[in-house]
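The chain is numbered in sequence order, starting from 1. Values below: every heavy atom of this structure, side chains too, minus hydrogens, waters and symmetry copies.
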Amino acid sequence: LDDTISLPLTNRFVVLGWDLSQHTRQSQFLISAGGTFCFSLLYGYLQELISVDLCNRKLGLFLAAAQFTGYTILSYFFSKLG
């Protein structure tokens with residue numbers, strides 16, 4: 001075991017192998033939200049790259065924009081439920 005870890009395992013916040021427990025909750029949220037946004041953009045870009053190159057589509061970033069718009073609308077409605 002690593003003796004340098006001072007926090008119990010239940011209080012640790014580890015994302016992709018990085019321990020974010022030492023950051024404030026606001027920083028943890030911003031890092032997590034920013035990472036989710038960046039991975040979503042990367043996923044959309046790769047999805048469009050495949051669809052444009054393999055399927056000979058003409059509209060670039062259409063799927064990513066539609067997906068982002070859908071997630072935005074759904075998150076707004078789900079935030080109003082609670």
Next item on the list: Taking all heavy atoms of R12 and all of S21, pick out the closest pair and write down the distance.
Entry: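 Minimum heavy-atom contact is CA-OG, 3.1 Å.
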Side chains of [X] and [Y]: closer than 4.5 Å at any heavy-atom pair?
{"X": "L16", "Y": "F39", "answer": "yes"}
{"X": "V15", "Y": "I31", "answer": "no"}
{"X": "F13", "Y": "W18", "answer": "no"}

[atom1] of [X] to [atom2] of [Y]: how many Å apart, nearest 0.5 Å?
{"X": "Q67", "Y": "L41", "atom1": "CD", "atom2": "CG", "value": "10.5 Å"}
{"X": "I73", "Y": "F68", "atom1": "CD1", "atom2": "CZ", "value": "11.0 Å"}
{"X": "S32", "Y": "L20", "atom1": "OG", "atom2": "CG", "value": "6.5 Å"}

Margin query: Any side-chain to backbone donor/acceptor pair from S27 onto H23? Under 3.5 Å, distance only.
Written below: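 Absent.
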Checklist line | Between T69 and T72, a side-chain donor and acceptor under 3.5 Å | finding: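 No, because no side-chain N or O of T69 sits under 3.5 Å from a partner of the opposite role on T72.
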Check: Can you hop from L81 to L74 via hydrophobic side chains spaced under 4.5 Å?
Finding: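 The answer is yes; both residues are in one hydrophobic cluster.
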